[in-house]
Number of protein chains: 2
Amino acid sequence: MPDSLRRFKADIFQALAHPTRIAIMDLLEGGELSAGDLMERLGMEQANISQHLAVLRGKQLVANRKVGNKVFYSVRDPIIIEVLALMRRYFQCHLKEALGLLDEMDDTPIEVDR
Amino acid sequence: MPDSLRRFKADIFQALAHPTRIAIMDLLEGGELSAGDLMERLGMEQANISQHLAVLRGKQLVANRKVGNKVFYSVRDPIIIEVLALMRRYFQCHLKEALGLLDEMDDTPIEVDR
DNA sequence: CGCATCTATGCGAACTTTCGAATATACAGA
DNA sequence: TCTGTATATTCGAAAGTTCGCATAGATGCG
C-alpha cells in the first residue's frame, strides 16, 4: 500500500480525533442539522463549531447544503456511520478499561455538554 | 453520551491518526511481529517505531509479549481490524477524491491496497 | 437601503505531536 | 562478568492543533 494512501487514511482518523467532532458526527447520524443546531446542542462557541465543521468538510466527512441563511450538514458516507457504530461496540467491549482510563461514568446524565 | 467517553473515542482515533501507525496496524493484521520486524519492514528509525508503538500500547490497541530479547506485538481486538477493513472499503469508494486530495502521485500504477 | 441573523475566516497564544540524537534498560551468550 | 543485540525513554526543536476573540461575508426582512 502506497504511503500516500496511508496518509489519506491517517487524515480521516485525524479528522475524527477530537471529542467535539465525534459529538458532531454522533448528532449528524440522526439526520441533517444546521450549524446553529449543532452549536445549540453542543453549547459551544459559534466560531469553534464552525472551525470543527471546517475540518470535517475538509476531509469530506460531511456534506453541506445551504438553505437561505442556514447551512445544513449531514454525514456524507454511510460507511463512516458504520465505523462509528463499530467503535461503539469496541467501547462496550472495553468499557472497564475505558473507565480505568477515565474517571466518571454512570448512567446518570452528565451535564458537560450533551 | 458523556463527554468523557467521547474523549476516549477521540483518543483511539488520535492513536490511529498517523501514517506510520496505520502501517504498523496493517502489518500486524497479518499476525504477530517483533518491534525489529516492524522496523525493518517500514525502514524507519528504531526510536521512531518504538515511540509509535508506545502510542498504540498506551491506547491498548496492541498487545505485546516479550520473548527473550524481543517484544512481539499484535492487534489486541479484532474489532479494530474490522474498523481498518471498513476504512479500506471507504477508500476504495472514494479513491478518486482521495487522489484528488493528494498532490504527489507519479505515473506508476496504483496498487489498490490488497 | 439599513440592520439583524447565520456562518466562516484570520489571528495569536497555549498546548500537543513528531522527529532524530543520545541514552537507558533488558536479555543472551561467552 | 563483559559484549552485543533488542527495545524503550528522555530531550529539545520544529510543526501542527485548538481555542476565544474579533471580524468578514451572506442572506433575509422591513
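Here is how names work: the chains are called A, B, and so on, in the same order as the sequence lines, proteins then strands, and each is numbered from 1.
Under a hydrophobic clustering in which Ile, Leu, Val, Met, Phe, Trp and Tyr are joined whenever their side-chain heavy atoms come within less than 4.5 Å, directly or via other members, B:Val83 and B:Val55 fall into different clusters. Both A:Met25 and B:Phe8 belong to a single network of hydrophobic side chains, linked directly or stepwise wherever heavy atoms of I, L, V, M, F, W or Y lie under 4.5 Å apart.
What separates CZ of A:Phe13 from P of C:dT17 is a distance of 17 Å, to the nearest Å. Atom CG in A:Leu33 sits about 15 Å away from atom C1' in C:dT7, given to the nearest Å. The interatomic distance linking B:Phe72 (CZ) with D:dA6 (P) rounds to 11 Å, in whole Å. Separating the CD1 atom of B:Ile24 from the P atom of C:dT18 is a distance of 11 Å, rounded to the nearest angstrom. The interatomic distance linking B:Ile22 (CD1) with C:dT18 (P) rounds to 12 Å, in whole Å.
Counting only heavy atoms from C-beta outward, the side chains of A:Leu53 and A:Asn64 never approach each other to under 4.5 Å. Counting heavy atoms from C-beta on, the side chains of A:Arg76 and B:His94 come closer than 4.5 Å.
Just one residue in the list A:Leu33, A:Leu56, A:Leu16 forms a side chain to side chain contact (heavy atoms under 4.5 Å, CB included) with A:Ile24, and that residue is A:Leu56.
Within 6.0 Å of atom CD in B:Glu40, 12 or fewer heavy atoms from other residues, nucleotides or ligands are found, so the atom counts as exposed in its surroundings.
Closest to the side chain of A:Arg57, from the set D:dT27, C:dT7, C:dT9, is C:dT9.
Comparing B:Asn64 and B:Asn69, the nucleotide of DNA chain D nearest to each residue sits closer to the 5' end for B:Asn69. Nearest-nucleotide mapping onto DNA chain C: of A:Asp37 and A:Gln14, the residue sitting toward the 5' end is A:Asp37. Place A:Gly68 and B:Leu53 on DNA chain D by their nearest nucleotides, and B:Leu53 ends up nearer the 5' end. Of the two residues contacting DNA chain C, namely B:His18 and A:Ala35, the nearest-nucleotide position lying further toward the 5' end is that of A:Ala35.
For the segment residues 38-52 of chain B, the set of residues with a heavy atom within less than 4.0 Å of an atom of DNA chain C comprises B:Glu45, B:Ala47, B:Asn48, B:Gln51, B:His52, in numerical order.
The heavy-atom pair separating B:Lys59 from B:Ala15 by the smallest distance is CG-CB, 3.7 Å.
In this structure, B:Tyr73 reaches the sugar-phosphate backbone alone: every heavy-atom distance under 4.0 Å involves primed, P, OP1 or OP2 atoms, never a base.
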